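Letters A, B, ... mirror the listed sequences (proteins, then strands); counts begin at 1. Just so it is clear, the structure is predicted and the values come from calculations on it, not from any experiment.
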There are 2 protein chains.
Amino acid sequence: MAAVDLTTHPGHLARRLQQAHYLLWNTMVSEEVTSPQFAVMNALVAQPGLDQRTVGERVGLDRSTVAEVITRLGRRELLHKVRDPQDGRRFLLRLTDEGLRTHRRLTVRTARMNQVFLAPLSAEERTVFFDLIRRVAAAAEDLRDPADQAVTRG
Amino acid sequence: MAAVDLTTHPGHLARRLQQAHYLLWNTMVSEEVTSPQFAVMNALVAQPGLDQRTVGERVGLDRSTVAEVITRLGRRELLHKVRDPQDGRRFLLRLTDEGLRTHRRLTVRTARMNQVFLAPLSAEERTVFFDLIRRVAAAAEDLRDPADQAVTRG
DNA sequence: TCGAAATACTCAGTGCCCTGACTAATGGCG
DNA sequence: CGCCATTAGTCAGGGCACTGAGTATTTCGA
């Protein structure tokens, strides 16, 4: 009787949205490379030679998850890691040639998938959609480390 | 060079949103009961005696995941399952008294958490937020089983 | 009525995601 | 110089999420 309407719960909606995206990714982009894997590859295309921690920071993955994703990408020869000679704790990450080719190929498909995913929204609605989600996510992330709010924003 | 801006990728945003929610849930609602577990419990408060498949349909979980969630809830004595005497394939699910109490307690906290989570948005923006996410998620789910579009909507 | 298709659920396997505890390397300070 | 706090990464453990294959039960049609 005291049941709640989950369609007014942002967390529930976020989960459904992510699941829907997962499925579409699998059918339209790749069954091999996942969306988080692509995000990591993308970070390394933007800036080759990053270490794991920084990659995780850029794409929003904690150190454990980044380590797993990188292990899998390494197993498929899409990326390789070498010990930083300047700092023996770090590993420097770089895509292989095959990794670069894969990233290029998936970039095209990802763009197509986003079109399909966002098809129900008009151009203005898409802008609003991005803006609202970004604001909610950013605020929640700040609740986590209030430390660097000043740095991150102005 | 050919790197992409992930903040314009709905899938990436959806993941970040969900992660942000996960963290907030853990600190503000419960470290024991997760958000999907609460969703299952909520479905059983709304309608006691549902079978696993139907619960999964209501909250958006596939059969395997529902089975796992239910196993965990059962282990904690929050729910029990009995074989349907009418149809030996089904299990009928019901919350225990403790399950009902837990649901009631978490409902209150969940409402508080949602307030915090949505704090960055005005009342009108929240309405839009829900509407846009629901439309995108629903459309993507329909791409999956075009079969029952007519039934679901119609 | 009996056998095939459909249905509810289970199980194995893969991958994402977090926490907390641990190891190894660095870097600063007394 | 030597110790210690910090930092990068690993590992174990729990939970969510999907697929594909397999089991048991029901249902429907020849």
Side-chain angles (χ1 to χ4, degrees), chain A residues 11-12 14-27 30-40 50-57 59-76 81-93 141 144 147, chain B residues 11-12 14-27 30-40 50-57 59-76 81-93 140-141 144-145 147:
Chain A
H12 184 72
R15 186 171 63 76
R16 308 282 300 242
L17 187 65
Q18 215 224 322
Q19 283 170 221
H21 172 263
Y22 171 87
L23 262 357
L24 204 55
W25 179 281
N26 255 322
T27 61
S30 172
E31 293 184 340
E32 317 281 309
V33 178
T34 65
S35 170
Q37 284 171 17
F38 177 77
V40 166
L50 289 179
D51 63 316
Q52 292 188 197
R53 195 194 113 281
T54 309
V55 167
E57 218 166 67
V59 303
L61 294 174
D62 70 303
R63 60 220 149 103
S64 294
T65 305
V66 160
E68 289 181 26
V69 170
I70 284 173
T71 297
R72 282 186 275 268
L73 288 174
R75 246 193 334 245
R76 299 204 190 144
K81 51 196 266 190
V82 289
R83 193 69 81 165
D84 184 346
Q86 256 72 60
D87 184 340
R89 291 168 300 182
R90 281 191 174 84
F91 287 103
L92 304 183
L93 307 169
E141 283 165 11
R144 187 161 168 53
Chain B
H12 184 71
R15 187 171 63 78
R16 308 281 302 239
L17 187 65
Q18 215 223 323
Q19 283 170 223
H21 172 262
Y22 172 88
L23 263 355
L24 204 55
W25 180 281
N26 255 322
T27 60
S30 172
E31 294 185 339
E32 317 281 311
V33 178
T34 66
S35 171
Q37 284 171 17
F38 178 75
V40 167
L50 290 179
D51 64 317
Q52 294 188 195
R53 197 194 109 282
T54 309
V55 168
E57 217 167 67
V59 303
L61 295 174
D62 71 305
R63 64 224 145 97
S64 294
T65 306
V66 159
E68 289 180 26
V69 170
I70 284 172
T71 298
R72 282 186 275 268
L73 288 174
R75 247 194 332 247
R76 296 201 193 148
K81 52 196 264 190
V82 289
R83 192 69 82 165
D84 183 345
Q86 255 72 61
D87 185 340
R89 292 168 299 183
R90 281 190 173 85
F91 286 102
L92 304 183
L93 306 170
E141 283 165 10
R144 186 158 169 54
D145 338 91

Roughly, in whole Å, what's the span from CD in Gln86(A) to C1' in dA8(D)? 16 Å
Looking at the side chain of Arg89(B), which of dT10(C), dA6(C), dC17(C) is the nearest nucleotide? dA6(C)
Under 4.0 Å, counting only non-hydrogen atoms across every strand here, what does Asp51(A) touch: a base, just sugar-phosphate, or nothing? sugar-phosphate
So if I take every side-chain heavy atom of Ser64(B) and compare against dG9(D), dG15(C), dT19(D), which nucleotide ends up nearest? dT19(D)
Have a look at Arg75(B) and say if it touches a base, only the backbone sugar-phosphate, or nothing, with a 4.0 Å heavy-atom cut-off. sugar-phosphate
Answer yes or no: is there a donor N or O on one side and an acceptor on the other, between the side chain of Trp25(A) and the main chain of Ala20(A), under 3.5 Å? no
Out of dT10(D), dA24(D), dC16(C), minimum distance to the side chain of Phe91(A) belongs to dT10(D)
With heavy atoms under 4.0 Å as the rule, sort Gln19(A) into base, sugar-phosphate or nothing. sugar-phosphate
Would you indicate what Glu68(B) reaches in the nucleic acid, counting non-hydrogen atoms under 4.0 angstrom: base, sugar-phosphate, or nothing? base
When the nearest nucleotide of DNA chain D is assigned to Pro36(B) and to Leu92(A) on a heavy-atom basis, which residue is associated with the more 5' position? Leu92(A)
Once you apply a heavy-atom cut-off of 4.0 Å, does Asp87(B) come out as touching a base, just sugar-phosphate, or nothing? sugar-phosphate
Arg76(B) side-chain N/O to dG15(D) phosphate OP1/OP2 under 4.0 Å: yes
In terms of side-chain heavy atoms of Thr65(B), which of dG20(D), dG15(C), dC16(D) is nearest? dC16(D)
How many Å lie between CG on Asp62(A) and P on dA8(D), as a whole number? 14 Å
Spacing of Arg53(B) atom CZ relative to dT10(C) atom P, expressed in whole Å: 14 Å
dT26(D) OP1/OP2 closer than 4.0 Å to side-chain N/O of Arg90(B): no
Ile70(A) CD1 to dC17(C) C1', straight-line distance once rounded to whole Å: 15 Å
For Val69(B), which contact category applies under a 4.0 Å heavy-atom criterion: base, sugar-phosphate, or nothing? sugar-phosphate
Checking Thr71(B) side chain against Ala67(B) main chain: does a donor-acceptor pair fall under 3.5 Å? yes
How many whole angstroms separate atom CG of Leu50(A) from atom P of dA8(D)? 13 Å
In whole Å, I'd like the distance from the CH2 atom of Trp25(B) to the C1' atom of dG14(D). 17 Å
Would you say dC16(C) has OP1 or OP2 under 4.0 Å from some side-chain N or O of Gln18(A)? no
Pick from Thr34(A), Val33(A), Asn26(A): which one makes a side-chain contact (heavy atoms from CB on, under 4.5 Å) with Ser30(A)? Val33(A)
Ignoring backbone atoms, test whether Gln52(A) places a side-chain nitrogen or oxygen under 4.0 Å from the OP1 or OP2 oxygen of dT10(D). yes
Counting only side-chain nitrogens and oxygens, does Lys81(B) get under 4.0 Å of the OP1 or OP2 atom of dA8(C)? no
Glu31(B) CD to dC17(C) P: how many Å, rounded? 20 Å
On DNA chain D, check which nucleotide each of Tyr22(B) and Tyr22(A) is closest to and give me the residue with the more 5' one. Tyr22(B)
Arg15(B) side-chain N/O to Gly60(A) backbone N/O, donor-acceptor pair under 3.5 Å: yes
Verify, without hydrogens or angle tests, whether Arg83(B) (side chain) and Gly88(B) (backbone) share a donor-acceptor contact under 3.5 angstrom. yes
Hey, does Arg63(B) reach any base, or is it just sugar-phosphate, or nothing, if we go heavy atoms under 4.0 Å? base
Salt bridge check: are Arg76(A) and Glu32(A) linked by an N-O gap of less than 4.0 Å? no
How close or far is atom P of dG15(D) from atom CZ of Arg15(A), stated in whole angstroms? 16 Å
